[in-house]
Protein chains: 2
Amino acid sequence: MAIIHQFPGYLIRRLHQLSVSIFTQRTQEAGFDLTQLQFAVLSVVDENPEIDQAKLSILVDMDKVTIGDVVSRLETRQLIRRLIKTSDRRARTLTLTKSGKALLRDVQPHVIKIQDEILRSLSPEERFNFVSLITKACRPSD
Amino acid sequence: MAIIHQFPGYLIRRLHQLSVSIFTQRTQEAGFDLTQLQFAVLSVVDENPEIDQAKLSILVDMDKVTIGDVVSRLETRQLIRRLIKTSDRRARTLTLTKSGKALLRDVQPHVIKIQDEILRSLSPEERFNFVSLITKACRPSD
DNA sequence: CGATATTAGTACGTATACGTACTAATTCCG
DNA sequence: CGGAATTAGTACGTATACGTACTAATATCG
């Protein structure tokens, strides 16, 4: 077997690839056209109405350029409303539209189910351990 | 905190992002211009001289289109030689050039060091557990 | 042997993902 | 208050990442 298959960096990429693939397949099977990141954005905007893109990009851990692209696509699909912020004309406030809210509500139960499927090769106990380890690993070193 | 921050799918993306970021930073600091995937391709081609792109794409778990792009860039940079396979004129055999071999040799120690840094927030014992869990998680369910 | 199916690779399109450079707006501070 | 620094967002470029459709070459099977 190739050496790289033992590298954490490689394994992380592989699992991410698997995770994205399962997400895309399952949501499409359920009749939705939504990526993982688009879901994350809808979810965070729902929790934080009138959030601006800079704060959003921090909450979803994504750079502002990528967020701009994603939001732009969601705006085109009329899932998000983007308005110039009155108190700071550089910023744009984001809010879900009615159909954005409806889509989020409908897709949420599927996404939750998908989370278990992503770790389906692990036992419940292993899943718990894995999530707690990866949560710690994601924290910037102190 | 946002709900998504507890989803395995989100945590996996976040860690992957961190992993890629560390890889890129450290290799650039060391004077190399190489992505994670380009390293993986060089590494596997080194271990399997005259491999074709189809087999390579399986060994690095990447679809053939992406591999075609990556190999094409590595060929342009003269790190990989690509020749039409005589026994099967559809296929292309891949071999590292002298500079490809040299680059791989020089960058390898850095990449190995980077693997530890990716999991720097975990203790040695946690790292061991994490690697064994993620290895299991990457296996397709049976 | 020859029609059909499969396979290797490429072309094209879409969506991340992010660095750098840019504009416009706001803040900071002397 | 006004110039300098900072910030929000966009434009542009590059590199994954992969689906679909295509061509060319090989394999399969009646």
Counting only side-chain N and O atoms of Gln53(B), is one of them less than 4.0 Å from OP1 or OP2 of dT10(C)?
yes
Salt-bridged, Asp61(A) to Arg13(B), with N to O below 4.0 Å?
no
d(CG, Asp63(A); P, dC12(D)) in whole Å
17 Å
Please tell me which of the listed nucleotides, dG9(C), dA17(C), dC18(D), lies nearest to the side chain of Met62(B)?
dC18(D)
Taking the minimum atom-to-atom distance to the side chain of Asp88(B), which one of dA17(D), dT10(C), dA8(C) wins?
dA8(C)
Separation of dC12(C) P from Lys64(B) NZ (nearest whole Å)
16 Å
Under 4.0 Å: is that the gap between some side-chain N or O of Gln38(A) and OP1 or OP2 of dT16(C)?
yes
Does Arg82(B) have a side-chain nitrogen or oxygen under 4.0 Å from the phosphate oxygens OP1 or OP2 of dT10(C)?
yes
Please tell me if the side chains of Lys101(B) and Asp46(B) come closer than 4.5 Å, counting only heavy atoms from C-beta onward.
yes
Thr66(A) has its side chain closest, among dA17(C), dG9(C), dG19(C), to dA17(C)
Just by distance, do the side chain of Gln38(B) and the backbone of Thr35(B) share a donor-acceptor pair under 3.5 Å?
yes
Between atom OH in Tyr10(A) and atom P in dA17(D), what is the gap in whole Å?
11 Å
Closest to the Arg90(A) side chain: dT6(D), dC18(C), dG19(D)?
dT6(D)
5'-most by nearest nucleotide on DNA chain C - Leu37(A) or Ala54(B):
Ala54(B)
Check for a donor-acceptor pair, side chain of Arg81(A) on one end and backbone N or O of Leu79(A) on the other, with a separation under 3.5 Å.
no
5' priority, DNA chain C, between Gln36(A) and Ser21(B) [closest heavy atom]
Gln36(A)
Check the distance between dA15(D)'s C1' and Ile67(B)'s CD1 and give it to me in whole angstrom.
13 Å
Gln28(A) CD - dG19(D) C1' separation (whole Å):
9 Å
Select base, sugar-phosphate, or nothing to describe what Val70(A) touches, counting heavy atoms under 4.0 Å on all strands.
sugar-phosphate
Is the shortest side-chain N to carboxylate O distance from Lys85(B) to Asp52(B) below 4.0 Å?
yes
Does OP1 or OP2 of dC18(C) have a side-chain N or O of Gln17(B) closer than 4.0 Å?
yes
When you get a sec, tell me which of dT16(D), dG9(D), dA11(D) is the closest nucleotide to the side chain of Val65(A)?
dA11(D)
Phosphate oxygens OP1/OP2 of dA15(D): is one of them under 4.0 Å from a side-chain N or O of Thr35(B)?
no
Checking dA8(D), dA11(C), dA17(C) against the side chain of Arg13(B) (C-beta onward), the nearest is dA17(C)
Take the protein atom CZ of Arg92(A) and the nucleotide atom P of dT26(C), then report the distance between them rounded to whole Å.
11 Å
Spacing between Leu56(A) atom CG and dT16(C) atom P, to the nearest angstrom:
13 Å
May I ask you to verify if any side-chain N or O of Arg89(B) is less than 4.0 angstrom from the OP1 or OP2 atom of dA25(D)?
yes
Protein-nucleotide distance (Asp52(B), atom CG; dT26(D), atom C1'), rounded to Å:
13 Å
Could you tell me if Asp69(A) and Ser72(A) have a donor-acceptor pair between their side chains, going purely by distance under 3.5 Å?
no
